[in-house]
Structures are given as structure tokens and as C-alpha cells.
Protein chains: 2
Amino acid sequence: MLSKKTKYAIKALVVLGKNVDKPPMQISKIAEEERIPKKFLEQILLDLRNAGFLYSKKGAGGGYSLNKDPKDIYLVSIMRITDGPIAMVPCASLNFYHKCDECKQETTCGIRDVFIDVRDATLKILSETSIADVIARENTLIKV
Amino acid sequence: MLSKKTKYAIKALVVLGKNVDKPPMQISKIAEEERIPKKFLEQILLDLRNAGFLYSKKGAGGGYSLNKDPKDIYLVSIMRITDGPIAMVPCASLNFYHKCDECKQETTCGIRDVFIDVRDATLKILSETSIADVIARENTLIKV
DNA sequence: ATTATGTCTATATAATTGGTCGGCTGTACG
DNA sequence: CGTACAGCCGACCAATTATATAGACATAAT
């Protein structure tokens with residue numbers, strides 16, 4: 001399961017992706033629109049900012065805006081910041097690898113072998129889908 | 001991430017899958033071979049038994065054996081017993097669906113739309129891979 | 001100065017996960 | 001029969017993680 005943190009992160013980026021070329025948007029406004037607890041969202045946006053995805057401005061008239069083109073923000077990058085590994089077993093993770101405690105022979109583990117395939121399938125989608133794509137999908141869904 | 005419960009379940013089924021046509025195998029033996037805490041494994045095997053995957057026999061000479069052909073035990077079924085949903089968001093789950101708390105319009109949610117694709121990709125692999133396949137993969141890995 | 005807004009650290013609470021304990025039930029076998 | 005074996009079952013517990021909340025601080029606009 002995706003953590004709420006990740007889901008909120010994506011939702012916030014989608015909102016900000018619809019807000020490009022407009023003045024920065026406040027945490028409280030995003031929180032209200034997307035029904036996200038404000039203080040929790042605050043932390044999440046801070047993480048995304050520190051990772052370089054967001055620009056922030058303090059003080060009156062301040063807020064958040066995207067620091068990149070929505071086309072260049074892929075779901076996989078967001079998830080790695082907020083949730084960590086994409087793979088379902090640590091031994092199949094590319095960016096967060098670590099050995100399974102009980103595993104005797106990783107190289108011949110059939111479970112790992114299967115879950116590497118699962119990881120690749122998941123990764124393909126998540127690394128090809130950007131915030132711009134998510135927005136595009138929503139627009140398509142609305143029209144139909 | 002897969003829970004340890006699920007990982008242990010698959011490991012146990014693989015061991016039992018290699019043990020067909022032999023006398024039933026004791027929990028303690030499986031636990032020892034796969035380095036799984038015995039009492040925890042006990043719970044897991046009970047779940048699998050109650051779900052119809054295992055046959056058990058009490059008393060001296062008792063133990064567990066598969067109740068189905070290893071070819072007919074798919075990873076997806078095991079995971080649904082031990083971990084629940086396959087999908088990464090509840091609103092994209094086939095067997096454990098529930099609405100996201102904060103979601104305003106599910107039908108036009110771009111996140112859900114993407115994660116339905118992810119679910120389908122994952123599901124394809126997990127519902128095509130059986131315990132027999134996992135064993136076969138291990139044999140292939142050993143040979144290479 | 002005052003108000004609006006993000007930054008940062010710490011803390012609280014709840015849920016889940018991973019694991020343990022001890023007694024009960026049924027079976028084999030001498 | 002009785003005893004040892006092995007699974008069954010319910011309760012419990014500790015650690016971690018997820019989800020939030022609080023409050024003091026920094027900075028910008030007016």
C-alpha cells in the first residue's frame with residue numbers, strides 16, 4: 001500500500017501542476033482543496049522542496065509552486081522520497097537494497113526472482129508517468 | 001513491501017512443494033530449514049490450512065503437506081490471504097476495495113487511474129506464477 | 001509594527017507488524 | 001490404557017511505522 005504521505009504528495013503536486021504561471025499557492029489552500037491535514041501536508045511539502053521539486057516563498061503572498069516542469073516530475077521519484085523502495089522485497093530494490101534476514105542464498109531465491117519482475121513492471125509505469133500525465137488522465141476521465 | 005508473513009508463507013509452500021509424495025513435514029522442521037520463528041510460522045500455516053491450501057495431521061508422525069498441486073497455488077492467492085490487497089491504493093483494489101477518505105471524485109481521479117494500471121501489471125505476474133513456477137525458477141538459477 | 005506565511009524540532013497517538021506464551025485437542029503407539 | 005508428539009487456538013506483548021499535532025521561530029509584505 002501507498003502511504004497517505006505519498007498519496008498526499010502526489011495530490012499536492014497535481015494541484016500545483018495545474019497552478020503553473022500563477023502566484024504561489026498556500027499550504028492551507030492545498031490542504032483545504034484536497035482535504036489533507038494541513039500540518040501533515042506542511043511536512044510533506046517541505047520534503048519535496050528539499051528534494052528540489054518545489055519552490056517556496058515565505059511571508060505574506062508566499063506559498064509553494066513547482067520548481068520543475070510537470071512533465072519532468074515522475075511518480076517514481078516522488079515515491080522514493082516519501083515511501084522509499086518501490087520493490088516489494090528489500091533484496092529486489094534498486095535504490096534501497098538490503099539483504100533479507102532469513103535468506104540463505106539470495107542468488108538462487110525464486111521469490112526474489114519473481115519480485116524482480118514485479119518491480120520492473122511497476123517501475124516501468126511509475127517511471128513513465130509524470131505529474132503532467134496524471135493531469136492529462138484526469139482531463140480524459142472528465143470528458144468521457 | 002511484502003510482509004514477512006507473506007514471505008514466510010511462500011517459503012513454506014515452496015518447501016512443502018518440494019516435499020510432495022513424502023510424509024508430512026513438521027512446523028519445526030520447516031521453521032529450522034527456512035530460519036523462520038516457529039510460533040509465527042505456526043500461525044501462518046494455520047491460515048493457509050484454513051484457506052484450503054494445506055493438509056495437516058496432528059500427533060506423532062503428523063505435520064503439514066500441500067492440499068493442492070503446486071501448479072495450482074498462485075502467489076496472488078497466498079498474498080491475498082496473508083497481506084490482503086494487491087493494489088497500492090484501496091480504491092484500486094479488486095478484492096479489498098474501499099473508498100479513499102479524502103477523495104472527492106473517484107471516477108476522475110488520475111492517481112487511481114495510474115494505480116489501476118500498476119495493479120494490473122502486478123496482478124498479471126502474480127496470478128500467473130505458481131509455487132511450481134517458483135521452484136522451477138530456483139532450479140534454473142542454480143544451474144546457471 | 002503587524003500580519004501572513006513557510007521552517008523546524010519535538011511530541012502524541014494509533015495502527016500494524018512481528019513475535020511469544022501457555023494451555024487444549026487429537027493421534028500414534030507401546 | 002497412558003504418554004509423547006504435533007498441530008490448534010486465543011491471548012498477549014514489544015517495536016516500529018504511520019499519521020498526525022504543537023509551538024516556537026524566520027522571513028517577507030504592507
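Computed from a predicted model, the values in this text were never measured in an experiment. Here is how names work: the chains are called A, B, and so on, in the same order as the sequence lines, proteins then strands, and each is numbered from 1. Atom set for the values below is all heavy atoms of this structure, side chains included, hydrogens, waters and symmetry mates excluded.
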side-chain N/O B/Arg49 vs D/dC8 OP1/OP2, d < 4.0 Å: yes
Note: B/Lys29-B/Glu32 ion pair, threshold 4.0 Å (strictly below): no
Pair B/Lys124 + B/Glu128: basic N to acidic O under 4.0 Å: yes
Atom-pair distance (CD on A/Glu102; C1' on C/dG19), nearest Å: 14 Å
Heavy-atom pair of closest approach, residues B/Phe115 and A/Met79: CZ-SD, 4.0 Å
Nearest heavy atoms of A/Ile81 and A/Ala51, plus distance in Å: CD1-CB, 3.3 Å
A/Tyr55 and A/Tyr64 aromatic centres sub-6.0 Å: no
Transitive ILVMFWY side-chain link B/Met88 to A/Tyr74, under 4.5 Å: yes
A/Asn50 CG - C/dT7 P separation (whole Å): 8 Å
B/Ile44 CD1 - C/dG18 P separation (whole Å): 9 Å
Touch class at under 4.0 angstrom, heavy-atom based, for B/Leu45 against every strand present: nothing
Salt-bridge criterion met for B/Glu102 and A/Lys11 (N-O under 4.0 Å): yes
Rounded distance (Å) that lies between atom P of D/dG7 and atom CG of B/Asp47: 15 Å
side-chain N/O A/Ser56 vs C/dT7 OP1/OP2, d < 4.0 Å: yes
Nucleic acid footprint by protein, nucleotides 14-30 of chain D - heavy-atom cut-off 4.0 Å, B for base, S for sugar-phosphate alone: -----SBBBB---BBS-
Inter-axis angle, terminal five-pair segments of the helix from C/dA1-D/dT30 to C/dG30-D/dC1 [nearest 10°]: 0°
Atom pair distance, as rounded to whole Å: OH in A/Tyr64 and P in C/dG6: 7 Å
Pair B/Arg35 + A/Asp101: basic N to acidic O under 4.0 Å: no
Presence of salt bridge, A/Glu106 and A/Arg112, under 4.0 angstrom: yes
Separation of atom OH in A/Tyr55 from atom P in C/dT5, rounded to whole Å: 15 Å
